[in-house]
Protein chains: 2
Amino acid sequence: MKDEGYRAYSAGSGEEGLRLLHSESVDLVILDINLPGMDGLKVCDSIKETMQIPVIFLSARDQDSDVISGLETGADDYIRKPFNHRELILRVKKLLRYTGNGIHESTIRTGRLRIRTDREEVYFDKEEIKLTPMEYKLLEVLGRKLDWVISWQILLKEAWGYEDWEGGREIVKVNIRRLRVKIEPDPSQPVYLLTERGRGYKLATVE
Amino acid sequence: MKDEGYRAYSAGSGEEGLRLLHSESVDLVILDINLPGMDGLKVCDSIKETMQIPVIFLSARDQDSDVISGLETGADDYIRKPFNHRELILRVKKLLRYTGNGIHESTIRTGRLRIRTDREEVYFDKEEIKLTPMEYKLLEVLGRKLDWVISWQILLKEAWGYEDWEGGREIVKVNIRRLRVKIEPDPSQPVYLLTERGRGYKLATVE
DNA sequence: CTGACAAGTAACAATCCGGTAACAAAAAAG
DNA sequence: CTTTTTTGTTACCGGATTGTTACTTGTCAG
C-alpha cells in the first residue's frame with residue numbers, strides 16, 4: 001500500500017484496529033476474518049455502525065457462505081486468500097473512488113496545476129504558488145471533487161465549516177476571486193476554476 | 001435477478017449486448033469474458049467509453065492476470081466462476097448503491113437526449129447542452145415521469161415550488177419554450193417535449 | 001366558417017448572481 | 001505594541017436568468 005502512495009497502519013487484533021480508527025483519520029479498512037479475540041465480522045459491524053468507511057475483507061475462509069456473511073455485514077468487498085497484490089490495489093482504488101475519498105493520491109493535478117495534499121502545497125509547473133490557509137482549503141475542497149460543480153453552500157460548509165452564514169455567498173465569491181488571481185494565468189478568463197452560473201464552481205480537468 | 005425484482009435482459013454476443021444497451025435503459029451490466037465474436041474486455045471498454053454504467057465481469061478465467069486486466073479496463077467488480085448466486089446479488093446491490101442507480105436512475109434517456117441527474121447535466125448525443133437552473137429543473141421533473149403528461153399546475157409546484165401563482169400558466173409556457181429552443185432540433189416541431197393540448201406537457205420516449 | 005381559447009412566440013423589464021475593488025477587522029509575525 | 005498578512009465586509013457594475021406582457025398562431029366546437 002505504501003508503494004502506491006497511501007498511508008498504511010496495521011493492527012494485530014480487532015480491538016487495536018478499532019482504537020487506531022479513532023486516533024487516525026482512516027479512509028479504508030482491510031480486514032481479516034480470523035483474528036485473535038474479536039472476530040472480523042464483529043469488527044466490521046462495529047465500524048459500519050459508527051462511521052461510513054469502506055471495508056474490504058481479505059480472508060482465507062473461502063467458502064461461499066463466508067463471503068456472503070462478510071458482504072451482508074456491510075463489507076464493501078471480499079477477496080479470498082491467496083490474493084494478488086495488484087488485484088487488491090485495484091479494488092482499493094475503485095472503492096476509494098466510489099466513496100469520494102478517491103483522490104487520496106496525495107497529489108491532485110489538472111493541466112499545469114498540482115496540489116500536494118500531504119504538504120498542503122500548490123504548484124504551477126515547478127513553481128510553488130503560496131496560498132493562504134483559507135485559499136488552500138478552498139482549492140483542496142474543489143480539487144477533491146475534480147470536475148464536479150460545488151455550490152457556495154457546500155463550499156462554505158466544507159471549507160469554512162459554517163452551516164449557514166449571513167454573508168456566506170460573499171465570502172465564497174471573494175475567496176474564489178483571490179484563488180483565481182493566484183492560480184489562473186488570466187484571472188478574468190479562468191481555465192481551471194470555472195463558474196457554473198446559478199450552480200457553483202468547479203475545478204476542471206484541463207488537457 | 002428477476003426473483004430479486006430487477007428487470008433483466010440477456011444477449012448471446014457482445015454486439016447484441018451493446019445493441020440492447022442503446023435500446024433499453026440499463027443500470028448495470030454483467031459480462032462474461034469469453035464471448036462469441038467481440039471479447040468481453042472490448043465490450044467493457046466500449047461501454048465505459050460512452051456511458052457510466054457499472055460492469056461486473058463473471059468469468060471462468062480465474063487467473064489473477066485475467067482479474068487484473070478486467071478491473072483495469074474499468075470493470076467495477078470481477079467474480080470468478082463457479083459463483084454463488086447470493087454473492088452475485090449482494091455485489092450487484094452494492095454497486096447499484098454506490099452509483100446511486102437503482103432507486104432513482106441517475107441518467108434518464110430518450111432518443112439522443114440524456115439527462116444526468118447526479119450532475120445536473122444534459123447531453124444531446126455527446127454534446128453537453130447548457131441549461132439554466134430553472135430550465136434544468138423543469139426538464140428533470142418531466143424526465144422523471146417520462147411519457148406522462150404533466151399539467152402546468154403540477155409543473156409549477158414541482159419545479160417552482162409554488163402552490164398557485166398569478167401568472168403560473170405563462171411562466172410554464174415560456175420556460176417550456178426556452179427548453180425547446182435548447183433541446184429540440186426544431187423547436188417548432190417538438191419531438192421530445194410534446195404538448196397535450198388541454199392537459200399539459202410530456203417528455204416522450206423516442207425510438 | 002368563425003369565434004373562443006389554448007399554446008407559441010417575441011420583446012421587455014426586474015431581479016439575481018457573479019466579478020471586482022476598496023476598505024475594515026482580525027490574526028499572525030516581528 | 002507595531003507592522004504585516006490574512007480574512008471578512010461592503011458597495012457597485014454588468015450581464016445572465018427569470019418573470020411579465022402583449023401579440024400571433026393553431027385547434028376545436030358549434
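Letters A, B, ... mirror the listed sequences (proteins, then strands); counts begin at 1. Treat the numbers as computed from the prediction; the structure is a model and nothing was measured.
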What distance separates A:D39 CG from A:N34 CG, expressed to the nearest 0.5 Å? 8.0 Å
Should B:R180 be listed as having a side-chain N or O under 4.0 Å from OP1 or OP2 of C:dG8? yes
If you check the A:E170 side chain, which of D:dT10, D:dT21, D:dG8 turns out closest? D:dT10
Selection from C:dG8, D:dT18, D:dG8 that lies nearest to any side-chain heavy atom of A:R178: D:dG8
D:dG8, OP1 or OP2 - any side-chain N/O from A:W160 closer than 4.0 Å? yes
Which nucleotide in the set D:dT6, C:dT20, C:dT9 lies at the smallest distance from any side-chain heavy atom of A:P133? D:dT6
Could you check whether any side-chain N or O of B:D186 sits under 3.5 Å from a backbone N or O of B:S188, counting only pairs where one atom can act as donor and the other as acceptor? yes
Where the side chain of A:R197 is concerned, which of C:dG18, D:dT7, C:dC5 is the nearest nucleotide? C:dG18
Out of C:dT9, D:dC28, D:dG8, which has the shortest distance to the side chain of B:K173? C:dT9
Taking the side chain from B:S69 and the backbone from B:S65, do they hold a donor-acceptor pair closer than 3.5 Å? yes
Counting only pairs under 3.5 Å, give me each side-chain donor-acceptor contact of residues 12-22 of chain B, with atom names and distances, residues two or more places apart or in other chains.
from, atom 1, to, atom 2, distance (Å)
B:S13, OG, B:E16, N, 3.2
B:E16, OE1, B:G12, N, 3.0

Main-chain N/O of A:T132 paired to A:E135 side chain as donor or acceptor, under 3.5 Å: yes
Do any N or O atoms from the side chain of B:T205 and from the backbone of B:T110 form a donor-acceptor pair under 3.5 angstrom? no
Phosphate-side-chain proximity, B:Y162 and D:dT18, N/O vs OP1/OP2 below 4.0 Å: no
Phosphate-side-chain proximity, B:N175 and D:dG19, N/O vs OP1/OP2 below 4.0 Å: yes
Under 4.0 angstrom between B:T195 side-chain N/O and C:dA6 OP1 or OP2: no
Please report how far the helix from C:dC1-D:dG30 to C:dG30-D:dC1 bends, comparing the axis fitted to its first five pairs with the axis fitted to its last five, to the nearest 10 degrees. 30°
Expressed as a whole number of angstroms, how long is the span from A:D186:CG to C:dT20:C1'? 14 Å
Has A:R177 got a side-chain N or O lying under 4.0 Å from the OP1 or OP2 atom of C:dA21? yes
Indicate whether OP1 or OP2 belonging to D:dT9 is found under 4.0 Å from a side-chain N or O atom of A:W165. yes
Tabulate below the donor-acceptor pairs under 3.5 Å that side-chain atoms of residues 192-201 of chain B make, not counting sequence neighbours, or state none.
from, atom 1, to, atom 2, distance (Å)
B:Y192, OH, B:R112, N, 3.1
B:T195, OG1, B:R180, NH2, 2.7

With the side chain of A:R169 defined as its heavy atoms from C-beta on, choose the nearest nucleotide among D:dG19, C:dG18, D:dT10. C:dG18
For C:dG8, does OP1 or OP2 lie under 4.0 Å from any side-chain N or O of B:Y201? yes
